[in-house]
2 protein chains.
Amino acid sequence: MVVEEPALVLQFVKALAHESRLRLLGLLAAREHSVQQLAALLSLKEPTVSHHLSLLREAGLVRMRQDGNTHWYNLELRTVSRLGRTLGMREQLETFASGQANLAGLDRTVRNYLTAEGRLKAFPATRKKRRPILVWLVRQFEDGRRYSEAEVNALIERRHHDRETFRRELVGYRMLARESGVYWRMPEADWAP
Amino acid sequence: MVVEEPALVLQFVKALAHESRLRLLGLLAAREHSVQQLAALLSLKEPTVSHHLSLLREAGLVRMRQDGNTHWYNLELRTVSRLGRTLGMREQLETFASGQANLAGLDRTVRNYLTAEGRLKAFPATRKKRRPILVWLVRQFEDGRRYSEAEVNALIERRHHDRETFRRELVGYRMLARESGVYWRMPEADWAP
DNA sequence: TGTCTAATTAGATAGATATCGAATTATCTT
DNA sequence: AAGATAATTCGATATCTATCTAATTAGACA
């Protein structure tokens, strides 16, 4: 089992730490719902629900699919489960102690490009430095899972605001593959040197 | 695996949803600490740490042992683990949908005595009604685990403010046993009729 | 293109909670 | 008993966040 970044776990528990958002997850656990439906079921206004859903989405706990101008929200049970389980591991809890990103054991190049919070300071100019950064970045993606473009962007934005550049580079290095709007992580053997 | 009360799960995730409290758990995951030590390690004042610890304690995630006037705090890894794992169960998530306590399948007497939030409205006057309430209450305690009086009080107070009465009755009905300040749940066979 | 619908975003306000210094409590020491 | 120490409780303030209405965006459809 993998140890998660403290910042991600904090984002996870903050996303859950409100009755309305737990209820949203509860409703989505049964079936997908539109924003209107959710607002009616919780007796809240649509902007409020939209706000809660955006927190859940940024934490990766729900995903959205659009049909016309209706947005259908679904539970990402695997992510909830993975992050929930990690809370029970002493090893994981220990990573919280410092309040910093878990930089130990990282490639030296990568460490130099990360802030204490684990975000990228810049996009590296030389190919030699770029590759290890992208390797580190693509490992944020689960193997064998399909991502929408919005999900790819959300994952990248946790590390750097320039989602377009990094997304393009990940595809260019054949670390991410893309077909008809769906992305997935490629096997390491295929990554460009 | 058991499904937890929605209110308990909410209390759990709220207790985790702050960087300082995650860091506290991280420090306690390695070894026990006093309040002073924790305050120094987090660069916070003691009252602040005390406040955070009380939230963690009420959620059952840490326990305290006193030596002189030093309070030593320990992680309750089992509780963290149990509640973390339950988040990954669809069945558990579905109980969040209503925003109400999970009253289905409860004894009729008990249900009549509970508010929508799952708290006891009153202490039942007749022995006939009292027993099922106490049975329900003692089942909030884990089997085979030892509780300090403060922990017993905290658990009871989640259900009713009058911790003294209910604690006395639980012991009187031989549902809880007590020896030198430590409490534990008795086997059901021993409970008084 | 204009209109309708669903959702999001912006901006304002009310409510919750994190933090601190001061006061209090509990325990130990002499 | 008196003073010292560790922690908690209290009360005030500052920060954060949940919620709403109003404005805006994006898609469907005629």
Side-chain angles (χ1 to χ4, degrees), chain A residues 7 10-25 27-28 32-59 62-74 96 99 148-151 153-154 157 181, chain B residues 7 10-25 27-28 32-59 62-74 96 99 148-151 153-154 157 181:
Chain A
L10 181 58
Q11 184 179 31
F12 168 64
V13 291
K14 281 191 165 181
L16 297 178
H18 192 276
E19 186 182 355
S20 299
R21 289 193 291 271
L22 275 191
R23 293 185 65 188
L24 284 170
L25 286 187
L27 292 166
L28 298 177
E32 72 175 1
H33 289 82
S34 69
V35 177
Q36 285 196 330
Q37 292 173 336
L38 294 168
L41 287 164
L42 297 189
S43 309
L44 292 172
K45 301 299 176 183
E46 290 178 40
T48 305
V49 171
S50 201
H51 162 69
H52 288 311
L53 288 171
S54 80
L55 294 178
L56 293 171
R57 192 164 39 76
E58 281 161 29
V62 303
R63 72 174 177 284
M64 189 265 279
R65 106 187 146 74
Q66 187 163 359
D67 179 25
N69 48 12
T70 301
H71 294 186
W72 295 99
Y73 280 86
N74 295 272
F96 301 157
S148 69
E149 180 158 310
E151 289 175 308
N153 287 340
E157 279 177 348
Chain B
L10 181 58
Q11 184 180 30
F12 169 65
V13 291
K14 280 192 165 182
L16 296 179
H18 193 275
E19 185 181 354
S20 299
R21 289 194 291 271
L22 274 192
R23 294 185 65 188
L24 284 170
L25 286 187
L27 292 165
L28 298 177
E32 72 175 1
H33 289 81
S34 68
V35 177
Q36 285 196 331
Q37 292 173 337
L38 294 167
L41 288 164
L42 297 189
S43 309
L44 292 172
K45 301 298 176 184
E46 289 178 41
T48 305
V49 171
S50 202
H51 161 70
H52 288 310
L53 287 170
S54 80
L55 294 178
L56 292 171
R57 192 164 40 74
E58 281 160 30
V62 303
R63 71 174 178 283
M64 191 265 279
R65 101 184 152 76
Q66 187 162 358
D67 179 25
N69 47 12
T70 302
H71 294 187
W72 295 99
Y73 281 86
N74 295 273
F96 301 157
S148 69
E149 180 158 310
E151 288 175 309
N153 287 339
E157 280 177 349

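The sequence lines fix the lettering, A, B, ..., with proteins before strands; numbering per chain opens at 1. Since this is a predicted model, take the numbers as computed values, not measurements.
Counting any heavy atom pair closer than 4.0 Å across all strands shown, Ser20(A) reaches sugar-phosphate atoms only and no base atom. Among the atoms of the strands shown, only primed sugar atoms or phosphate atoms (P, OP1, OP2) are found under 4.0 Å from some heavy atom of His52(B). Backbone-only engagement by Ser34(A) is indicated by non-hydrogen atom pairs under 4.0 Å involving sugar-phosphate atoms exclusively.
Rounded to an integer number of Å, the gap from Gln66(A) CD to dA6(C) C1' is 9 Å. For the pair Leu10(B) CG and dA18(D) C1', the computed distance is 14 Å after rounding to whole Å. The nearest whole Å value for the distance from the CE atom in Met64(B) to the C1' atom in dT27(C) is 13 Å. Rounded to a whole Å, the NE2 atom of His71(B) is 13 Å from the C1' atom of dT9(D). Across the protein-nucleic acid pair, Gln36(B) atom CD and dT8(D) atom C1' stand 13 Å apart, rounded to whole Å. Separating the NE2 atom of His51(B) from the C1' atom of dA14(D) is a distance of 14 Å, rounded to the nearest angstrom. In this structure, the CG atom of Leu24(B) is 14 Å from the C1' atom of dT19(C), given to the nearest Å. Taking atom CG on Leu56(A) and atom C1' on dA18(D), their separation rounds to 14 Å, with Å as the unit.
With rounding to the nearest 0.5 angstrom, the CG atom of Leu38(A) is 12.5 Å from the OG1 atom of Thr48(A). Atom NE2 of residue His71(A) and atom CZ of residue Arg57(A) lie 9.5 Å apart, to the nearest 0.5 angstrom. Between atom CG of residue Leu53(A) and atom CD of residue Glu46(A) there is a gap of 11.0 Å, rounded to the nearest 0.5 Å. Distance check, rounded to the nearest 0.5 Å: CH2 of Trp72(A) to NE2 of His33(A) gives 8.5 Å.
Taking only side-chain atoms of Asn69(B), from C-beta outward, the nucleotide of dT8(C), dT21(D), dT27(C) with the closest atom is dT27(C). Distance from the side chain of Val35(B) is smallest for dT8(D) among the nucleotides dA6(C), dT8(D), dA6(D). Nearest to the side chain of Pro47(B), among dT8(C), dT27(C), dA22(C), sits dA22(C).
When each of Thr48(A) and Gly68(A) is assigned the nucleotide of DNA chain D bearing its nearest heavy atom, the one mapping closer to the 5' terminus is Thr48(A). Taking for each of Thr70(B) and Leu55(A) the nucleotide of DNA chain D with the nearest heavy atom, the 5'-most of the two is the partner of Thr70(B).
Considering only side-chain N and O atoms, Lys14(B) lies nowhere under 4.0 angstrom from the phosphate OP1 or OP2 of dA16(C). The phosphate of dA6(D) (OP1 or OP2) has no side-chain N or O of Tyr73(B) nearer than 4.0 angstrom.
Side-chain atoms of Arg21(B) come within 3.5 Å of backbone atoms of Ala15(B) as a donor-acceptor pair (strictly under, hydrogens ignored).
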